[in-house]
Participant: 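Please see the structure below; I have some questions.
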Amino acid sequence: MKLLIIGDIYGDPGIEILDFHLKELKNELKPHLIIANAENSSNGRGISKRIYNHLLGLGINIFTMGNHVWGNREIKDFIEDSNILRPANFNNLPGNGYIVKNVNGLKVLVINILGRAFINLSLDNPFKCVNDIIENVDHDFSILDIHAEATSEKIAMGHFFDGKIDIIFGTHTHVQTNDARLMPKGSFYLTDVGMTGPLDGVIGVEKEIVINRFLNGFSTHNKVSKGRKQLNAWFIDTELQYSKLIHLEKE
Ligand code: FE2
């Protein structure tokens with residue numbers, strides 16, 4: 001199985017660099033499945049129907065989300081009939097926290113979960129929630145997006161599910177980590193795939209806005225940073241037991 005995982009798509013700059021590079025990546029890597037985190041694709045917050053259709057048209061198959069899943073209210077009208085996952089520990093809210101797709105003859109289970117540390121301590125326990133899903137949902141192959149702030153929470157979850165989930169990756173921090181590895185019991189693991197969006201802002205936002213907030217304690221609303229763009233992704237070939245980090249830039 002070959003998979004391409006695209007890190008958090010942030011606003012129009014993220015979509016623009018995918019328009020530019022995704023076709024050549026698909027030709028070069030020939031993935032069976034492309035997954036992207038898209039919770040910041042609509043101007044930094046949430047996803048719209050128009051953007052969802054555009055990204056599907058580029059060849060992305062499944063979309064994971066996170067704490068900003070409801071950032072664009074349009075999603076409530078189409079999430080039920082989409083390939084968009086919201087965190088599985090957002091219990092009783094619209095949409096699904098996991099999906100099973102037939103890929104390359106296998107029942108592939110994809111799960112999206114939200115970490116608690118520094119995000120929301122009152123959420124359902126992400127370890128237990130994911131464990132319930134993998135024990136109760138029929139599948140041949142499994143993939144988990146841990147949308148979380150703390151590297152410790154992600155690494156702990158990586159070890160907890162080592163050997164039980166085939167591909168475990170993190171999103172949310174918008175900074176790619178250089179720790180892609182095959183875990184002792186055989187799972188592929190990466191703490192954070194990074195961001196597909198502006199290169200020169202502060203995790204996607206115009207840098208002056210964020211610097212002012214740190215300096216003065218207040219600032220204007222976030223705006224998507226302009227200028228150079230970056231694409232961060234992770235490619236995995238499970239047969240060859242090989243993975244590589246991808247980082248591309250564009251003016
Ligand atoms: Fe997030």
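All residue numbers refer to positions in the sequence shown, counting from 1. Remember, it's 1-based here, ligands and their atoms both numbered in the order they're listed. Note that these values count all heavy atoms, side chains included, but never hydrogens, waters or copies made by symmetry.
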Participant: Going by side-chain contact (heavy atoms from CB on, under 4.5 Å), Asn61 matches just one of Leu56, Leu3, Ile34. Which one?
Facilitator: Ile34
Participant: Would you give the angle at the Fe ion (ligand 1) between His147 atom NE2 and Glu39 atom OE2, to the nearest 10°?
Facilitator: 90°
Participant: Any chance the rings of Tyr52 and Phe78 have centres within less than 6.0 Å?
Facilitator: yes
Participant: Is Asn67 close enough to the Fe ion (ligand 1) to have an N, O or S atom under 2.8 Å?
Facilitator: yes
Participant: Examine all N, O or S atoms of His68, backbone included, and report whether one is under 2.8 Å from the Fe ion (ligand 1).
Facilitator: no
Participant: Kindly give the atom name of the N, O or S atom of His172 closest to the Fe ion (ligand 1).
Facilitator: ND1
Participant: Looking only at the side chains, is there a donor atom on one of Asp132 and Asn136 sitting less than 3.5 Å from an acceptor on the other?
Facilitator: no
Participant: Are a donor atom and an acceptor atom from the side chains of Asn125 and Asn89 found within less than 3.5 Å of each other?
Facilitator: no
